[in-house]
Amino acid sequence: MTAVHPAPRPVPHRVPRRVPPALLAGVVVAGMALSAWGARDRTTWFLETVWVLVGLPLVVLTWRRFPLTGLLAVLLAAHALVLAVGGHYTYAEVPVGDWVRDTFHLSRNPYDRFGHLMQGFVPAILVRELLSRTSPLRGSRWLAPLTVCACLAFSACFELLEWLAAEIGGHGADAFLATQGDVWDTQWDMFCALIGATVSVLVLSRVHDRQLRALEAAQRVV
């Protein structure tokens, strides 16, 4: 007599563990508080960190209706801390940037360049997530180039805001501009954002897609 084996049970989709959103929000709030305390220039601090002051409450208020993937949440928190450090010291005077400049005999403090790399690297995943979840572009070959183009457009808009601040504030806006005497600073900033967005899309797309699928599965269960 042949033994009858029960049919294998389907393996439930496992949602990967991620950093608790409340913990990330707490880290960002603590970082912003430290950044504001003793900031070298209050106006510059506000201009550099206004994205966090607006973005964090927006994410918190919409989280129940539109939760983010763990990857995006961690990247946004990291970017917020980068902005907080730049706002506290001003980008041209961040101590770690001075150390890198002196160690590698650079002509300028490179923290501003790093900030603009992050300006492309992190928003690329934000744009990719929004387009993947709210448009027909998910899985399309147009998703990657449109994501990069959106990040470059944002970088260009940010440079226009810097130009406006310079027109209004004159020399008082020098700390916000952080050009450090480079006449090509605007072009370099946009190029760094372009590189950051391109690298982000090339390196993180597969991980991001997995997390998007896991998030969808978790929302269906709920």
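Residues take their numbers from the sequence shown, with the count starting at 1. In what follows, every heavy atom counts, from backbone to side chain, and hydrogens, waters and symmetry copies are set aside.
Taking each heavy atom of P57 and V52 in turn, the nearest pair found is CD-O, 3.8 Å. Heavy atoms only, all atoms of each residue included: S35 and A84 are closest at OG-O, 2.6 Å. Of all heavy-atom pairs spanning A150 and V127, the tightest one is CB-CG1, 3.9 Å. Residues G97 and N109 share a closest heavy-atom pair of CA-OD1, 3.2 Å. Here the closest heavy-atom approach between residue P123 and residue C151 is recorded as C-SG, 3.7 Å. For F121 against S200, the heavy-atom pair with the smallest separation is O-OG, 2.9 Å.
A distance-only check finds a donor-acceptor pair linking the side chain of Y111 to the backbone of V82 [under 3.5 Å]. A donor-acceptor pair under 3.5 Å is absent between the side-chain atoms of R133 and the main chain of R138, judged by distance alone. Judged purely by atom type and a 3.5 angstrom limit, E129 uses its side chain to pair as donor or acceptor with the backbone of T69. In terms of modelled atom types and a separation under 3.5 Å, the side chain of T62 and the main chain of L58 share a donor-acceptor contact. Formation of a donor-acceptor pair under 3.5 Å by the T198 side chain with backbone atoms of L194 is found in this model. Under the 3.5 Å distance criterion, the side-chain polar atoms of T147 are matched with a main-chain donor or acceptor of L143. Checked by atom type and distance alone, the side chain of Q211 pairs as donor or acceptor with a backbone atom of L71 at under 3.5 Å.
Here H88 contributes atom NE2 and T49 contributes atom OG1; the two are 12.0 Å apart, rounded to the nearest 0.5 Å. Distance check, rounded to the nearest 0.5 Å: CD of Q119 to CG of L152 gives 10.0 Å. Taken to the nearest 0.5 Å, the CD atom of E159 stands 4.5 Å off from the OG1 atom of T186. Once rounded to the nearest 0.5 Å, the distance linking CG of L146 with OG of S135 reads 9.0 Å.
Taking 4.5 Å as the limit, some side-chain heavy atom of R113 sits within range of a side-chain heavy atom of D189. Within the 4.5 Å cutoff, no side-chain heavy atoms of H79 are placed close to those of W51. Residues L53 and M32 meet the side-chain proximity criterion, which asks for heavy atoms closer than 4.5 Å. At a threshold of 4.5 Å between non-hydrogen side-chain atoms, the residues W142 and L137 count as touching. With a 4.5 Å cut-off on side-chain heavy atoms, L83 and Y91 count as touching. Side-chain contact between L47 and T43 is present, with heavy atoms from C-beta onward closer than 4.5 Å. Side chains of H116 and W188 form no contact here, defined as non-hydrogen atoms less than 4.5 Å apart. Side-chain contact check for D185 versus D112: some heavy-atom pair is nearer than 4.5 Å.
Note: the hydrophobic cluster containing L212 does not contain I125 (ILVMFWY, side chain heavy atoms under 4.5 Å, direct or indirect links).
Counting heavy-atom neighbours within 6.0 Å of F191 CZ, excluding the residue itself, gives a total of 12 or less.
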Checking side chain to side chain contact (heavy atoms under 4.5 Å, CB included) for the pair D209/R128: CA distance, chi angles, key distance, verdict?
CA-CA 10 Å; D209 284 339; R128 192 176 188 276; 3.0 Å; yes
Test log, rule side chain to side chain contact (heavy atoms under 4.5 Å, CB included), inputs F66 and T134:
CA-CA 11 Å; F66 196 85; T134 63; 4.2 Å; yes
Apply the test side chain to side chain contact (heavy atoms under 4.5 Å, CB included) to residues L76 and L68: give CA-CA distance (whole Å), side-chain angles for both, the deciding distance (0.1 Å), then the verdict.
CA-CA 10 Å; L76 288 175; L68 306 178; 3.7 Å; yes
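Checked for salt-bridge contact, D98 and R101 meet the test: a charged N lies under 4.0 Å from a carboxylate O.
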